[in-house]
Trainee: 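Dropping the structure in here first, questions after.
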Amino acid sequence: MLISAPIRAPTWVSRRRLLEEKLSDLHKWTNLKQVKQVHAQIYKANLFQDLYVAPKLISAFSLCHQMVLAVSVFNQIQEPNVHLYNTLIRAHVHNSQPSQAFAAFFQMLSDGVSPDNFTYPFLVKACSGESWFPVVQMVHAHVEKFGFFSDIFVPNSLIDSYSKCGFVGVNAARKLFTVMGERDIVSWNSMIGGLVKAGEVGEARKLFDEMPERDAVSWNTILDGYAKAEEMKMAFELFEKMPERNVVSWSTMVLGYCKVGDMDMARMLFDKMPVKNLVTWTIIISGYAKKGLTKEAIGLYDRMEKAGLKSDDGAVISILAACAESGLLGLGEKVHASINRTKFKCSTLVSNALVDMYAKCGSLDKAYSVFNGMARRDVVSWNAMLQGLGMHGHGEEALWLFSRMKQGGFVPDKVTFIGVLCACTHAGFVEEGRRYFYAMERDYRIVPEVEHYGCMIDLLGRGGHLKEAFRLVRSMPMEPNAIIWGTLLGACRMHNAVDLAEEVVDHLVKLEPSDPGNFSLLSNIYAAAGDWDSVSKLRLQMRRTGIQKPSGASSIEVNDEVHEFTVLDKSHPRSDKIYQMINRLVQDLKEVGYVPKAYQ
DNA sequence: TTCGAGATCG
């Protein structure tokens, strides 16, 4: 009797099939340990040359932000095909390595592998920012030459990329959009999105009205346009008209009201919306934080955590930036504590946000401790630390940090020099400031921008070198903006330069006709010089033109609550006690010989 | 399609 042996595939076939099954979703894995384990298995099975396995492995390493490993997998392949190149390009783009993506593209061309309909869209996705405009143009020309317009995905992605390249980009996108033979809803949405990003809501609205059909994205894009332009009336009208509203629509409205500072409306919508996501929570918490409403911001942050939502990098960065902006150390510390609870280490981006927050809130020790503990620092980390030191008067230490930064092999950028010059200003290092200002262009090839001139004029002005400051303003290659003149005016006040101040105010009024602050500064300068005649004339002129000076408010944070007060303010329940204390302080000051400036 | 690090005066 013949007993047939069970039929079995050769071992290598079954091993491969097993692996294939196991690896079917490898390209979505985000656990580095698992990916590395599989990587080792693939190596052992001698399958690293396999054109099915390799792209998946590259994608997985890319998701784990391990580009060195991804590239090494790629380099093992002797004859990469178009799919493999596309995967590598996409991996570089995903990890914010646009130059490497293009390097891979050119390598692909020189290897004689033809790009396909996927290559170009991946490639141009990396292009964001004005400097990328010529690159998108190059890709566009390439696409036209080789006729890849057969798939609408290609021109759509070009429109999208052009839109990210600033003003010139949007025009190019418009051109392409006009000549496109066939358009789908994505083409329209990309074009409208581009116009919105460029701040041309009116144009965007026109296209929106022309669209043959609209989806949720179209509605939300135009809604975002109005919210970004702070035209909340238009936004609300549109919001009411929308056929269906999703989380994004509601969040966009909340964001818009936060931007215009209408926290009541923002909160009302936030409470009313049926579904909230992490972004929504981030928007409202940052909104409260930016307005300095610590209690609300902290309360909502606690509620978010209780609701079981875990912050991601974006949420954390957003909230920390808001804390930095208005000095909410309490919330910032809370966010830091919850990061420490959930994460072993944070990304460079998050650490930078922490350093910046601590530095801006005046907690330099904590800024230092985050900064020193960072595994990987970049230019931004140094800039944030340096600026924090300079801002709080530690000019010498800031300059020391600057030299440490250079020793560490970091190349200073334009923001670094703003920090350096500011540090010089706050420490009164006029000579050093001048030196850095000229070294910036000569040694680092950084052309001074209006911000650098601003710092420099502040430095010279405060130091009493008014004439030099004025000369520098005249020699600027760009038009001086209101901040430049404002800086100069501040310097005039400091050194009682009445004539110069009048000239500066003339310029300021042209740039900011409705800003009453400029007049009151001039009025203070007249007062300081004892020219009461001019003061009353100016007051009269202000009354005639209907310019009113809003009273300046000061605020103080006590027990997580911000108290605001103005001149002669009696609104506080314990106002009597406060004034008693002030009078006592004034008395004490007089006793030690202080004379208020106005009576000098 | 919503949030997302550093940026000159007061």
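Chain letters run A, B, ... following the sequence lines, proteins first and then strands; every chain starts at 1.
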Trainee: Look at the side-chain N and O atoms of A:Arg462 and state whether any lies under 4.0 Å from the OP1 or OP2 oxygen of B:dG10.
Mentor: yes
Trainee: Any donor-acceptor pair under 3.5 Å between the side chain of A:Asp312 and the base of B:dG4?
Mentor: no
Trainee: Look at all strands and tell whether A:Asp378 reaches a base, only sugar-phosphate, or nothing, counting heavy atoms closer than 4.0 Å.
Mentor: base
Trainee: Atom CH2 of A:Trp188 and atom C1' of B:dT1: how far apart are they, to the nearest Å?
Mentor: 18 Å
Trainee: How would you label the contact of A:Ser286 with the nucleic acid (heavy atoms, under 4.0 Å): base, sugar-phosphate, or nothing?
Mentor: nothing
Trainee: Could you state the CG-P distance from A:Asp313 to B:dA5, rounded to the nearest angstrom?
Mentor: 12 Å
Trainee: A cation-pi test, strictly: NZ or CZ of A:Arg245 under 6.0 Å from the centre of the six-membered ring of A:Phe239 and no more than 45 degrees from its axis. Yes or no?
Mentor: yes
Trainee: With no hydrogens and no angle check, do the side chains of A:Asn156 and A:Ser190 hold a donor and an acceptor under 3.5 Å apart?
Mentor: no
Trainee: Of all the choices, B:dA7, B:dT1, B:dG4, which nucleotide is nearest to the side chain of A:Asn220 once you look at every atom?
Mentor: B:dT1
Trainee: Just to be sure I understand the rule, does A:Ala216 reach a base, reach only the sugar-phosphate, or reach nothing, if contact means heavy atoms closer than 4.0 Å?
Mentor: base
Trainee: Between B:dA7, B:dC9, B:dT1, which nucleotide has the shortest distance from any of its atoms to the side chain of A:Val217?
Mentor: B:dT1
Trainee: Once the angle between the rings of A:Phe402 and A:Tyr444 is folded into 0 to 90°, is it parallel (under 30°), tilted (30 to 60°) or perpendicular (over 60°)?
Mentor: tilted
Trainee: For A:Leu255, report the nucleic acid contact type (base, sugar-phosphate, nothing); a contact means any heavy atom under 4.0 Å.
Mentor: sugar-phosphate
Trainee: For A:Val350, report the nucleic acid contact type (base, sugar-phosphate, nothing); a contact means any heavy atom under 4.0 Å.
Mentor: nothing
Trainee: Can you tell me how far C1' of B:dT8 sits from CE of A:Met456, to the nearest Å?
Mentor: 12 Å
Trainee: Over how many whole Å does the gap from A:Ile284 atom CD1 to B:dC3 atom P extend?
Mentor: 14 Å
Trainee: Could you check whether A:Asn277 gets within reach of a base, just the sugar-phosphate, or nothing at all, counting any heavy atom under 4.0 Å?
Mentor: base
Trainee: Would you say a side-chain N or O of A:Lys360 is under 4.0 Å from OP1 or OP2 of B:dA7?
Mentor: yes
Trainee: Using the ring of A:Tyr301 (Phe, Tyr or Trp, six-membered ring only), decide whether A:Lys334 places NZ or CZ under 6.0 Å from its centre and within 45 degrees of its axis.
Mentor: no
Trainee: Under 4.0 Å between a side-chain nitrogen and a carboxylate oxygen: does that hold for A:Lys206 and A:Glu203?
Mentor: yes
Trainee: If you check the A:Ser251 side chain, which of B:dT2, B:dC9, B:dT1 turns out closest?
Mentor: B:dT2
Trainee: Between B:dA5, B:dG6, B:dT2, which nucleotide has the shortest distance from any of its atoms to the side chain of A:Val248?
Mentor: B:dT2
Trainee: To the side chain of A:Thr252, which of B:dG6, B:dT8, B:dT2 is closest?
Mentor: B:dT2
Trainee: One thing to verify: whether A:Glu503 and A:Arg474 come together as a salt bridge, which I'm taking to mean a side-chain N less than 4.0 angstrom from a carboxylate O.
Mentor: yes
Trainee: Among B:dT1, B:dC3, B:dT8, which nucleotide has an atom closest to any side-chain atom of A:Lys228?
Mentor: B:dC3
Trainee: Rounded to the nearest angstrom, tell me the gap between atom CD1 in A:Ile483 and atom P in B:dC9.
Mentor: 8 Å
Trainee: Indicate the ring-plane relationship of A:Phe410 and A:Trp382, choosing parallel, tilted or perpendicular according to the 30° and 60° boundaries.
Mentor: tilted
Trainee: Rounded to the Å, how far apart are A:Gln387 CD and B:dA5 P?
Mentor: 14 Å
Trainee: Between B:dT2, B:dG6, B:dT1, which nucleotide gets closest to the side-chain atoms of A:Asp356?
Mentor: B:dG6
Trainee: Quick one about A:Asp224 and A:Thr252 (side-chain donor to acceptor, distance below 3.5 Å, no hydrogens or angles considered), yes or no?
Mentor: no
Trainee: Within residues 365-375 of chain A, which residues have any heavy atom lying less than 4.0 Å from an atom of DNA chain B?
Mentor: none
Trainee: Would you mind reading off the distance between A:Ile317 atom CD1 and B:dA5 atom P, rounded to a whole angstrom?
Mentor: 7 Å
Trainee: Given A:Asp356 and A:Lys360, is the salt bridge (charged side-chain N to carboxylate O under 4.0 Å, His left out) satisfied, shown in steps?
Mentor: CA-CA 6 Å; A:Asp356 184 49; A:Lys360 287 236 174 76; 3.0 Å; yes
Trainee: Name the nucleic acid region contacted by A:Val379, choosing base, sugar-phosphate or nothing; use a 4.0 angstrom heavy-atom cut-off, strictly under.
Mentor: base
Trainee: Nearest to the A:Ser318 side chain among B:dC3, B:dA5, B:dG6, which nucleotide is it?
Mentor: B:dC3
Trainee: Give the rounded distance in Å between these two atoms: CG of A:Asn481 and C1' of B:dA7.
Mentor: 12 Å
